[in-house]
Amino acid sequence: MNERSVRRLVIVGGGTAGWMAATALRRLLYPGLSIEVVESEDIGIIGVGEATIPPFRMHNALLGINERDFVCATQATFKLGIEFRDWGRLGDSYIHGFGKLGVDLDGQPFHQYWTRGAAAGFAADIGDYSFNVVAARQGRFMPTPSDAPKDTPLQDISYAYHFDAALYARFLRQFAESEGVRRLEGKVVDVRMNPESGFIEELILADGRVVAGDLFLDCTGFSGLLIEKHLHAGYEDWSDWLPCDRAWAVPCENVVPPTPYTRATARPAGWQWRIPLQHRVGNGHVFSSRDMSEDEAAAMLLANLEGAPLGEPKLIPFRGGKRRLSWVRNVVAIGLSGGFLEPLESTAIHLVQTSIAKLALLFPERDCSEALRNRYNAQMDEEFECVRDFLILHYCATERADTPFWNRCRTMEIPPSLKERLALFRDSARILLRSDELFTTVSWAQVMLGQHIEPRRYPPVIDRLSDAELKKFLDHVKSVISSCAAVLPPHEAFIARHCRASPLK
Ligand SMILES: Cc1cc2nc3c(=O)[nH]c(=O)nc-3n(C[C@H](O)[C@H](O)[C@H](O)COP(=O)(O)OP(=O)(O)OC[C@H]3O[C@@H](n4cnc5c(N)ncnc54)[C@H](O)[C@@H]3O)c2cc1C
């Protein structure tokens with residue numbers, strides 16, 4: 001630390017974003033930096049955000065949190081992927097599984113060999129070549145065993161969690177406080193800015209207390225209290241491509257063993273999520289208010305629950321998009337205050353995590369230099385755009401024309417970046433990614449094929465194998481995956497044996 005260093009980091013908001021930022025930055029930054037979280041119990045947290053993707057596990061690893069403690073404290077279950085029902089066509093079901101797809105050969109991705117095999121009529125369903133998909137379909141789960149046989153899918157099982165968002169915020173808060181993060185209960189009602197620099201210098205709380213800081217993280221959720229209300233960052237609206245603008249959320253009783261995957265079922269004007277936890281199932285109906293009334297959407301959600309609802313549904317309006325600038329002067333927006341992309345691929349918590357990681361790498365001195373801000377903002381633009389395109393893919397690659405909503409999705413104009421990607425895949429099964437993209441070739445291939453985008457051909461190099469060799473290769477991969485998945489215990493049995501949470505009081 002020197003005389004230019006940030007000494008007081010103030011985080012406004014104690015939801016998932018605020019506490020993830022506090023815990024990670026406490027670990028990643030320097031001693032002598034004070035970290036304070038100001039949150040208001042009266043306002044509360046959004047309380048949804050229960051499905052994650054595999055990079056989430058890095059947060060626990062960074063903090064040195066034991067998996068069993070985390071799972072028990074948050075009533076978590078394990079997640080191998082996401083099942084999509086009725087998206088491409090009514091009656092469809094495919095799973096976007098985490099981890100690998102088949103085995104890449106000679107530098108060529110597996111799905112290109114599969115494309116040739118499918119055209120020749122001897123490839124099985126693409127899901128049969130994903131270990132995660134096969135295990136998920138059978139309801140099995142375990143993490144990588146210490147004695148996993150070499151060169152098998154058991155060596156590197158990729159998974160994430162479903163957890164209770166309110167319990168997670170509480171869990172992280174305890175952890176943060178034990179690491180020296182200070183928490184202030186209070187509602188921020190105003191700020192004091194430096195008249196020359198425009199930097200925020202102090203927060204004014206409702207009871208008159210003043211909280212001074214050098215750098216502020218705006219983790220205030222959709223309200224964007226600092227970044228928008230005071231610094232007017234602006235919002236880029238992506239609702240032309242992501243047509244849903246409301247969600248009803250309601251938990252229900254568990255009536256079947258928890259599946260090791262999230263489910264997203266398409267509905268006439270949106271889709272419904274199902275997230276199994278140990279003590280309940282989280283459900284929500286994400287819909288377009290242009291195509292369905294709020295009452296009708298709530299009724300549809302309640303009619304499609306597996307168990308009795310545990311409370312009244314909660315309505316959450318939103319606008320898909322992002323802040324034009326995530327970092328303005330000495331304020332960085334992290335979490336819902338920075339933007340929102342609907343939870344179709346469980347990416348919001350990941351965007352929180354990646355914002356924190358980028359901020360730690362670009363952590364400024366008190367002047368928050370323009371070069372750092374520009375770099376950070378450009379990186380966040382790219383992160384959001386890549387996720388946006390992947391989400392739009394689920395909507396635009398549909399053959400459904402049975403409702404005005406789906407017909408509009410099917411025929412809508414899509415971003416040029418996505419158009420180019422789809423054209424290349426249709427042409428020759430090629431998928432080109434930007435560097436550092438969250439969703440890999442494996443994810444794009446599974447969703448494109450799952451939504452019936454069929455490549456017309458494959459790269460010529462795939463013809464290096466004879467038909468017999470290709471068939472042998474595909475059969476071998478499928479059989480290894482099938483026998484490895486059979487080794488896993490049922491998901492529920494694994495939880496009962498290793499990490500059963502106590503009932504909530
Ligand atoms: C319908 C829906 C479903 C979702 N599903 C998923 C999912 O499955 N997976 C996933 O990764 N993400 C999901 N998300 C996103 C996820 O919920 C959020 O990204 C995550 O919870 C982070 O929220 P947050 O901390 O930014 O905001 P919040 O949880 O809203 O927290 C805001 C905090 O700011 C405080 N605050 C606000 N104003 C003030 C003030 N004036 N003074 C003091 N404190 C203040 C509040 O008290 C609160 O502590 C979903 C979101 C929605 C809307």
Side-chain angles (χ1 to χ4, degrees), residues 10-22 36-56 59 79 82 160-166 168-170 172-173 183-191 203-207 209 211 216-230 244-250 262-264 270-277 282-287 301 313-320 323 333-356 387 438:
V10 179
I11 300 173
V12 189
T16 306
W19 287 115
M20 282 183 84
E36 287 167 293
V37 174
V38 184
E39 68 169 320
S40 159
E41 265 172 23
D42 283 351
I43 297 175
I45 64 168
I46 192 145
V48 284
E50 311 203 306
T52 58
I53 52 177
F56 174 80
H59 189 77
K79 171 174 173 185
I82 306 175
Y161 310 102
H162 305 117
F163 59 69
D164 180 319
Y168 183 54
R170 200 185 300 165
L172 280 186
R173 173 182 158 186
R183 174 184 181 274
L184 292 177
E185 170 61 36
K187 184 173 172 189
V188 178
V189 290
D190 205 353
V191 304
L203 306 175
I204 318 292
L205 306 191
D207 60 6
R209 277 175 298 161
V211 183
F216 293 84
L217 303 192
D218 183 341
C219 300
T220 60
F222 283 130
S223 72
L225 179 74
L226 306 183
I227 198 81
E228 194 57 54
K229 294 213 171 111
H230 291 283
C244 295
D245 61 354
R246 302 247 185 310
W248 282 108
V250 70
T262 310
R263 179 176 298 143
W271 60 279
Q272 181 170 336
W273 79 73
R274 176 186 178 278
I275 301 177
L277 307 178
N283 308 279
H285 184 187
V286 177
F287 64 102
L301 173 63
K314 177 179 164 192
L315 181 67
I316 307 167
F318 60 81
R319 201 152 57 107
R323 290 276 165 238
I334 294 183
L336 298 173
S337 62
F340 180 64
L341 294 171
E342 59 180 76
L344 190 54
E345 285 280 356
S346 318
T347 43
I349 292 172
H350 174 78
L351 288 168
V352 167
Q353 213 181 332
T354 189
S355 313
I356 298 167
V387 174
L438 169 61

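Just follow the structure's listing: the first ligand is 1, and inside any ligand the first atom is 1.
Residue V188 has at least one N or O atom closer than 3.5 Å to an N or O atom of ligand 1. Below 3.5 Å of separation, one finds no N or O of V12 facing any N or O of ligand 1. Not a single N or O atom of I43, backbone or side chain, sits closer than 3.5 Å to an N or O atom of ligand 1. Considering backbone and side-chain N/O atoms, I349 comes within less than 3.5 Å of an N/O atom of ligand 1. At least one N/O-N/O distance between G44 and ligand 1 falls below 3.5 Å.
When only modelled atom types and interatomic distance are considered, T262 and K79 share a side-chain donor-acceptor pair under 3.5 Å.
Proximity of A165 to ligand 1 is not established, as no heavy-atom distance is less than 4.0 Å. For F56, the heavy-atom gap to ligand 1 stays at 4.0 angstrom or more. Remark: distances from the non-hydrogen atoms of G284 to ligand 1 are all 4.0 Å or more. In this structure, F340 counts as a contact residue of ligand 1, since one of its heavy atoms falls inside 4.0 Å of the ligand. Taking a 4.0 Å cut-off on heavy atoms, G186 registers as neighbouring ligand 1. Residue contacts with ligand 1 include L225, since one of its heavy atoms falls under 4.0 Å from the ligand.
At the top of the distance list for atom 15 (C) of ligand 1, counting protein heavy atoms only, stands A348 CB, 3.3 Å. Counting only heavy atoms of the protein, atom 25 (O) of ligand 1 lies nearest to A17 N, 3.0 Å. Among protein heavy atoms, the minimum distance from atom 44 (N) of ligand 1 is reached at S40 N, 3.5 Å. Annotation: atom 28 (P) of ligand 1 to nearest protein heavy atom, I46 N, 3.7 Å. Looking only at protein heavy atoms, the nearest one to atom 10 (C) of ligand 1 is A51 O, 3.5 Å.
The residue from V48, T220, T347, I334 that puts a heavy atom closest to atom 16 (C) of ligand 1 is V48. Closest heavy-atom approach to atom 21 (O) of ligand 1 within the set L205, L226, T16, I316: this belongs to T16.
With contacts defined as side-chain heavy-atom distances shorter than 4.5 Å, the pair F216/V191 does not qualify. With a 4.5 Å cut-off on side-chain heavy atoms, M20 and I349 count as touching.
The environment of NZ in K187 is sparse: at most 12 heavy-atom neighbours from other residues, nucleotides or ligands sit within 6.0 Å. Taking a 6.0 Å sphere around CZ of R183, one finds it holds more than 12 heavy atoms contributed by other residues, nucleotides or ligands.
Contact annotation: for C219 versus ligand 1, heavy atoms closer than 4.0 Å belong to the backbone alone.
Classified by interplanar angle (parallel below 30°, tilted 30° to 60°, perpendicular above 60°), the ring pair F163/Y168 is tilted.
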Give the table of side-chain donor-acceptor pairs shorter than 3.5 Å for residues 44-56, with sequence neighbours excluded, one pair per line with atom names and distance.
from	atom 1	to	atom 2	distance (Å)
E50	OE1	R280	NH1	3.3
E50	OE2	A165	N	3.4
E50	OE2	R280	NH2	3.0
T52	OG1	Y161	N	3.0
T52	OG1	Y161	O	2.7

